[in-house]
Amino acid sequence: MSMGDALQGVLMLLVLIAVGFFAAKRGLLTESLENALSRLTIKIAIPALLFCNTLSFVSLDFIRSLGWLLLIPPASLLVGYGLGYLAAKLFRVPAKDLGVFLVMFALSNCAFIGIPVTKAIFGDAGMPYVVTFFPANTAVFWTLGNLGIARDGGKKPDSFTNTVKQIFSPPLLGFLFGLVAVILGFRLPGTAVGMDHAIVIPKFLAEALTYLGGLTVPVSLLTTGAVLSRMGKDAVHVGRTGLLALLGRMIIMPAITLGMCLSFGAPAILTNVYTMISCMPVMSQCVIMSSLHGANNRLSAQMLTLSTLLSMVWIPLWVLLLQIVVG
């Protein structure tokens with residue numbers, strides 16, 4: 001990972017976000033189309049991408065090689081949740097915003113922004129580590145996160161059955177199906193070299209899934225640009241709660257993850273990817289669920305927008321810091 005590669009990756013992201021921004025301004029990317037594309041990405045493109053990446057980059061030997069390091073994502077998220085709760089009490093975050101605040105503080109946009117950023121900065125080498133971080137981020141959001149947002153809106157938490165359905169979302173199922181396929185010995189064409197008894201899935205199916213997964217980066221970034229265009233100046237009007245959430249996103253969560261990785265002697269690539277994933281912007285699902293539960297969806301939408309904008313500044317800074325600390 002070089003600073004030049006990181007800057008090139010971030011500039012690529014900015015170009016696609018800018019295209020989405022101006023397309024929305026010109027009426028080419030309407031709000032209804034944006035919502036449809038977002039659903040397409042969540043339900044089809046990201047599951048296909050995670051399935052293909054799991055078959056391409058994850059193996060039983062890779063999982064065994066990580067060992068206890070697989071506990072870093074859930075551990076860092078739970079520690080972040082605890083610190084976020086203490087910060088909320090210390091700085092008097094309104095009780096009606098506590099659930100939304102904790103999600104914004106502790107959980108990152110692992111799929112919509114995390115996958116494109118990791119791909120741009122680290123290339124294919126970073127994708128196995130995104131795949132292993134994603135399930136923890138998803139599980140914490142659909143349990144602690146969803147429960148807190150529901151309480152913000154004065155609603156009873158979802159039933160156990162609904163919670164389980166939400167945890168096993170299409171992206172997570174894409175990863176799990178890919179993991180099962182790996183365990184059964186399936187691989188994508190071209191990735192089974194040197195593997196005894198590997199079962200190569202048909203080329204036409206592999207190419208179809210690869211093309212579907214390829215929609216993730218451009219569609220995610222185009223819709224991010226469309227969201228930014230609709231927020232306007234409201235995106236920067238945030239109070240103490242928003243600033244505290246930004247502090248969690250920009251500094252506290254990546255610092256927690258980096259500290260854990262260094263403490264456990266994690267490899268450089270894992271440390272770099274996990275830390276970068278931890279400093280991604282606010283989750284887009286936070287906006288969706290706060291609207292559904294009648295919580296403060298305005299705050300979550302503002303912070304999604306502002307954190308996405310500011311991440312284009314702090315991502316290169318974290319890349320520079322990681323070069324110095326990790327290499």
Side-chain angles (χ1 to χ4, degrees), residues 1-20 37-38 40-42 44-59 62 73 108-138 170-172 174-175 178-179 182 188 190-191 206-225 254 257 267-284 307-308 311-320 322-323 326:
M1 177 183 64
S2 69
M3 190 61 180
D5 291 338
L7 288 174
Q8 291 286 340
V10 171
L11 287 173
M12 181 275 291
L13 301 177
L14 285 173
V15 168
L16 290 176
I17 288 173
V19 171
L37 289 174
S38 296
L40 175 72
T41 305
I42 288 290
I44 296 178
I46 291 177
L49 179 67
L50 289 172
F51 179 84
C52 290
N53 283 343
T54 304
L55 260 68
S56 297
F57 305 121
V58 176
S59 66
F62 171 76
S108 68
N109 198 326
C110 193
F112 253 53
I113 304 295
I115 289 175
V117 168
T118 303
K119 186 82 171 177
I121 296 176
F122 301 101
D124 288 344
M127 296 312 295
Y129 303 99
V130 179
V131 168
T132 58
F133 196 103
F134 175 81
N137 200 74
T138 299
L172 184 58
F175 162 71
L179 189 60
V182 168
L188 292 182
T191 63
E207 290 185 348
L209 291 171
T210 300
Y211 280 125
L212 288 172
L215 293 172
T216 301
V217 174
V219 173
S220 296
L221 296 175
L222 289 173
T223 54
T224 298
T257 305
I269 182 64
L270 181 146
T271 301
N272 286 327
V273 174
Y274 277 10
T275 303
M276 292 304 302
I277 288 294
S278 297
C279 75
M280 291 298 109
V282 169
M283 293 182 73
S284 54
S307 63
T308 301
S311 69
M312 299 307 157
V313 176
W314 81 61
I315 285 174
L317 292 177
W318 269 104
V319 169
L320 180 60
L322 288 170
Q323 279 188 314
V326 181

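Here, residue 1 is the first one in the sequence, and each next residue gets the next number.
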Identify the two heavy atoms, one from [X] and one from [Y], that lie closest to each other, and give their separation to 0.1 Å.
{"X": "Pro281", "Y": "Ser311", "answer": "CG-OG, 3.6 Å"}
{"X": "Leu209", "Y": "Cys52", "answer": "CB-SG, 3.5 Å"}
{"X": "Val182", "Y": "Thr54", "answer": "CG2-O, 3.5 Å"}
{"X": "Leu222", "Y": "Leu16", "answer": "CD2-O, 3.5 Å"}

Quick one, [X] and [Y] - any side-chain contact, counting heavy atoms below 4.5 Å?
{"X": "Ile315", "Y": "Ile121", "result": "yes"}
{"X": "Pro128", "Y": "Phe133", "result": "no"}
{"X": "Thr118", "Y": "Val273", "result": "yes"}
{"X": "Thr41", "Y": "Leu215", "result": "no"}

Pairs meeting criterion salt bridge (charged side-chain N to carboxylate O under 4.0 Å, His left out) with involvement of residues 112-122, two or more places apart: Lys119-Asp124
Apply side-chain contact (heavy atoms from CB on, under 4.5 Å) to the pair Phe175 and Val131, showing each step before the final yes or no. CA-CA 7 Å; Phe175 162 71; Val131 168; 3.1 Å; yes
With Ser108 via side chain to side chain donor-acceptor pair (under 3.5 Å) - residues at least two apart: none
Gap separating the [atom1] atom of [X] from the [atom2] atom of [Y], nearest 0.5 angstrom:
{"X": "Ile277", "Y": "Asn137", "atom1": "CD1", "atom2": "CG", "answer": "8.5 Å"}
{"X": "Leu212", "Y": "Ile46", "atom1": "CG", "atom2": "CD1", "answer": "12.5 Å"}
{"X": "Cys279", "Y": "Asn109", "atom1": "SG", "atom2": "CG", "answer": "11.5 Å"}
{"X": "Gln323", "Y": "Asn272", "atom1": "CD", "atom2": "CG", "answer": "8.5 Å"}
{"X": "Met280", "Y": "Trp314", "atom1": "CE", "atom2": "CH2", "answer": "8.5 Å"}
{"X": "Leu55", "Y": "Leu188", "atom1": "CG", "atom2": "CG", "answer": "4.5 Å"}

Considering the options Phe122, Phe62, Phe134, which one meets the ring pair (Phe, Tyr, Trp, His ring centres under 6.0 Å) requirement together with Tyr129? Phe62
